[in-house]
Amino acid sequence: MAKPTFQKPKGTADLLPEQTAQWQHIESIARLLFGDYNFREIRTPLFENFDVFSRSAGDTSDVVTKEMYDFHDKGNRHIALRPEGTAGVVRAYVENKLYGPEFDKPYKAFYIGPMFRYERPQAGRFRQFHQIGVEAFGATAPALDVEIIAMAVDFFQTLGLKNLKVAINTLGDQASREAYRKALIAYLKPHFDELSPDSQARLEKNPLRVLDSKDPRDQVFVEDAPSILDFLSDDSSQHWQTVQELLTALDITFEVDSTMVRGLDYYNDTIFEIMTVDDSLKGAATIAGGGRYSGLVAEFGGPETPGVGFGIGVERLISLLAAQGVAPVKDDGLDFYVVNIGTSTNVVATQIVQAIRSFGYVAERDYLGRSAKSQFKSADRHHSRYVVTVGETELANHVANIKNMATGMQQTVKLADLYTDLPTIIDSQGDEAQ
RNA sequence: GCGGUAGUGGUGAAGUGGUUAACACACUGGUUUGUGGAUCCAGCAUGCGAGGGUUCGAUCCCCUUCUACCGCCCCA
């Protein structure tokens, strides 16, 4: 019988230390940069009442109907792992009454963490994936839309990404959207039989989806389809114009994509995506998506409050960084490796390595009683800058050898000096090397 | 949810229905009774994703299942 084997759940990933350095780098830049924009971190549960998501996303959306990672807990509560960040943040916003007068508006928050969707894993998509997202509540100003877009662009540029495209569109307000929806259905209906089966289904459910169909049968009609821009109310039109003016004022190049839509029902007015232009990610080219929404806060029992935000896919971001050859942050390696020869040196080796660490250096030793040569090989593999050697003779004389691995120079020092004065010893050795 | 491809050691991989599953890298030890990136030597898969079946015999044939990858839906 084979031993039972365990595999990580489908669509999940282990992030090993080689990778977490990169993740931490990205996260720390996000925290720093978003902080500059006066966004502060919010942490909400990874799971919520199922209704939190079904209510917010709209019952017909794919996220609710087939992608929700949900289950009943021991108290028979219907629980869902969060498929996206906004709903939980809105729920927290309302539950903690963050709309209250003591809080400045807009209320700005960002989150970093895992999201879950029950779907087939493939390029750039997982069952557990990670998003860095932001939300800002309580202001309808187009300047806020633009600030958020600018912040996302700023973030990607800081990380060193190139070949990015900012695509924007507007969905208008409720009235604009409804009028457009009717017009679109009226336009497509006569061609119903010529549409792809997918789009035939979409026509009733969500006609806007037909617009971004990849099927050539549909794209023929999309070209001449009515544009949402012709159905905007005065307010939405004004908002849309201002967004573009402000983006231009900030020298952020953008592209209006009138076929862009959103998977979730609560968006209105500005929506945007940031995607890579080079085809290294193909199906997963979009690394950030966001937009303005309304009605959500009210839906959760708060006062009618507008919101705007975005979510960044961290896995996609990382694979894009890799594809563009943006160097991942590397571990710096060891400062010291303590080579100990002979079992009698075990105690002093432990004391030395601890003493080195107490000075703030990164230090490692051998625990396996290996040969001096092997230990030096390990030191080399760790790119250790120095090696401290203790054997029987050094132990007897209360000394140790310190070798500079770059220069090959080695000096013998008293253990007492090493314990109290290591940084000075190293400095002087550095001088000798030059 | 639908369709397609694949699954051999730590890694990259070769291989065949039948005694010891190539080769390379990595690793470990030795060559140097205690000093690194070189050379040479040696060691390193009781097993070929898992579970069944066919067969005298299967890593290689069949079925199921799991997982990964790609496309669709959708999305980060």
Side-chain angles (χ1 to χ4, degrees), chain A residues 1-13 57 60-68 82-86 113-133 152 196-199 201-202 205-206 209 212-215 260-264 273-276 281-290 310-320 337-342 345 366 368-395 400-410:
Chain A
M1 273 301 283
K3 280 186 228 167
T5 58
F6 294 98
Q7 294 176 302
K8 59 186 175 296
K10 191 185 186 74
T12 62
T60 62
S61 71
D62 271 37
V63 169
V64 171
T65 55
K66 66 174 197 182
E67 293 175 1
M68 201 81 92
R82 62 183 187 190
E84 50 91 28
T86 302
M115 307 292 164
F116 306 85
R117 291 184 195 175
Y118 193 89
E119 59 180 346
R120 280 285 280 276
Q122 58 181 274
R125 86 177 15 175
F126 307 88
R127 288 191 172 180
Q128 175 176 336
F129 62 103
H130 298 75
Q131 284 191 344
I132 299 175
S196 71
D198 280 333
S199 286
R202 283 189 277 239
K205 242 171 69 179
N206 191 349
R209 282 240 155 268
D212 70 349
S213 169
K214 289 164 200 153
D215 196 305
M260 185 164 72
V261 297
R262 275 285 95 102
L264 303 172
E273 291 181 2
I274 300 177
M275 56 199 83
T276 174
L281 259 64
K282 289 184 285 193
T286 301
I287 54 177
F310 66 69
I312 294 169
V314 180
E315 281 81 0
R316 291 185 180 184
L317 172 58
I318 284 177
S319 55
L320 185 57
Y337 190 95
V338 178
V339 169
N340 53 105
I341 302 145
T345 60
D366 175 79
L368 305 177
R370 294 143 73 220
S371 68
K373 181 189 177 73
S374 295
Q375 294 189 48
F376 265 86
K377 282 189 175 177
S378 287
D380 215 41
R381 193 160 47 227
H382 288 298
H383 302 111
S384 189
R385 291 161 54 214
Y386 298 95
V387 168
V388 174
T389 312
V390 270
E392 315 281 348
T393 46
E394 288 84 358
L395 183 58
N401 300 315
I402 300 178
K403 180 170 183 177
N404 181 322
M405 294 297 274
T407 64
M409 293 176 65
Q410 178 167 293

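Side chains are part of it too, since the values below use all heavy atoms of this structure and drop only hydrogens, waters and symmetry mates. Note on naming: letters A, B, ... go to the chains in the order of the sequence lines (proteins, then strands), and numbering restarts at 1 for each one.
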_Tell me which nucleotide, if any, is Watson-Crick or G-U wobble paired with B:G7 when both distances must be under 3.5 Å._
B:C66
*What is the minimum heavy-atom distance between A:Thr286 and A:Glu273, and which atoms define it?*
OG1-OE1, 3.5 Å
*asked:* Using a heavy-atom cut-off of 4.0 Å across all strands, would you classify A:Glu119 as base, sugar-phosphate, or nothing?
replied: base
_Using only atom types and a distance under 3.5 Å, with no angle test, would you say the side chain of A:Arg117 pairs donor to acceptor with the backbone of A:Pro83?_
yes
*Does A:Gln7 make a side-chain donor-acceptor contact with the base of B:A50, cut-off 3.5 Å?*
no
*Can you tell me how far C1' in B:U54 sits from the matching atom in B:U59, rounded to whole Å?*
16 Å
_Closest nucleotide among B:A76, B:C73, B:C69 to the A:Arg202 side chain_ = B:C73
*If only side-chain N and O atoms of A:Arg120 are considered, is one of them under 4.0 Å from the OP1 or OP2 phosphate oxygen of B:C73?*
no
*Side-chain donor or acceptor of A:Ser371 under 3.5 Å from a matching atom on the base of B:G30?*
no
*Does A:Arg262 use its side chain to pair, donor to acceptor, with the backbone of A:Gly290 at less than 3.5 Å?*
yes
*How far, in whole Å, is B:G4 from B:C61 if one measures between their C1' atoms?*
22 Å
*Residue whose closest nucleotide on RNA chain B lies nearer the 5' end, A:Arg381 versus A:Gly11*: A:Arg381
*Any donor-acceptor N/O pair, A:Ser199 side chain to A:Ser196 backbone, under 3.5 Å*: no
*Looking across every strand, which nucleic acid part, if any, lies under 4.0 Å from A:Gly85 by heavy atom: base, sugar-phosphate, or nothing?*
nothing
*Picking from B:U28, B:C73, B:G34, which would you name as closest to the side chain of A:Thr389?*
B:G34
*A:Gln375 side chain to A:Asn340 main-chain N or O, any donor-acceptor pair under 3.5 Å?*
yes
*Does any nucleotide pair with B:C72 by Watson-Crick or G-U wobble geometry, both distances under 3.5 Å, and what is it?*
B:G1
*Quick one: does A:Gln128's side chain have a donor or acceptor within less than 3.5 Å of a partner on A:Ala13's backbone?*
no
_A:His130 or A:Gly369, whichever maps to the more 5' nucleotide of RNA chain B_ = A:Gly369
*With P as the reference atom in both, quote the distance from B:C63 to B:C70 in angstrom, rounded to an integer.*
26 Å
*Under the 3.5 Å rule, do the base of B:G36 and the side chain of A:Lys403 count as making a donor-acceptor pair?*
yes
_Pairwise P distance, B:U11 and B:G18 [rounded to whole Å]_ = 27 Å
*So does A:Gln375 reach the base of B:U35 with its side chain, donor to acceptor, closer than 3.5 Å?*
no
*asked:* Please determine whether any donor N or O and acceptor N or O are separated by less than 3.5 Å between the side chain of A:Glu394 and the base of B:G34.
replied: yes
*Pairwise C1' distance, B:C72 and B:U55 [rounded to whole Å]*: 41 Å
*Just to confirm, is there a sub-4.0 Å distance from OP1 or OP2 of B:G71 to any side-chain nitrogen or oxygen of A:Gln122?*
yes
*Round to the nearest Å and state the distance from A:Asn404 atom CG to B:G37 atom P.*
17 Å
_Under-4.0 Å side-chain N/O to phosphate OP1/OP2 contact, A:Arg209 with B:C73_ = no
*From the list B:U31, B:G30, B:U67, which nucleotide is the closest neighbour of the side chain of A:Lys373?*
B:U31
*With both distances under 3.5 Å as the test, what is the Watson-Crick or G-U wobble partner of B:G12?*
B:C23
*Are A:Ser374 and B:G29 close enough that a side-chain N or O sits under 4.0 Å from OP1 or OP2?*
yes
*Can you tell me how far C1' of B:A76 sits from CZ of A:Arg117, to the nearest Å?*
6 Å
*Now, which nucleotide makes the Watson-Crick or G-U wobble pair with B:C40, with each of the two distances under 3.5 Å?*
B:G30
*In whole angstrom, what separates A:Arg370's CZ from B:G36's C1'?*
12 Å
_Touch class at under 4.0 angstrom, heavy-atom based, for A:Gly408 against every strand present_ = base
*For B:C40 and B:U5, measure between their P atoms and round to the nearest Å.*
45 Å
*In whole angstroms, how far is the P atom of B:C66 from the CZ atom of A:Arg127?*
11 Å
*If only atom types and distance count, is the side chain of A:Arg127 paired as donor or acceptor with the main-chain N or O of A:Glu119 below 3.5 Å?*
yes
*Out of B:G36, B:U35, B:C74, which nucleotide sits closest to the side chain of A:Asp380?*
B:G36
*In Å and rounded to the nearest 0.5 Å, what is the CD to CZ distance from A:Gln131 to A:Arg316?*
9.5 Å
_Atom-to-atom span, CZ of A:Phe126 to P of B:C69 - whole angstrom_ = 6 Å
*Write down the distance between CZ (A:Phe376) and P (B:C27), rounded to a whole number of angstrom.*
17 Å
*asked:* Please report the distance, rounded to the nearest Å, between CE in A:Met260 and P in B:A76.
replied: 11 Å
*P gap between B:U19 and B:U31, integer Å*: 39 Å
_Categorize A:Ile341 for me: base, sugar-phosphate, or nothing, with a 4.0 angstrom heavy-atom threshold over every strand shown._
base
*Considering only atom C1', compute the distance from B:G15 to B:U8 and round it to an integer number of Å.*
10 Å
*asked:* At less than 4.0 Å, is any side-chain N or O atom of A:Lys10 found next to OP1 or OP2 of B:U67? Yes or no.
replied: yes
*Nearest-Å distance, CG (A:Asp366) to C1' (B:G29)?*
14 Å
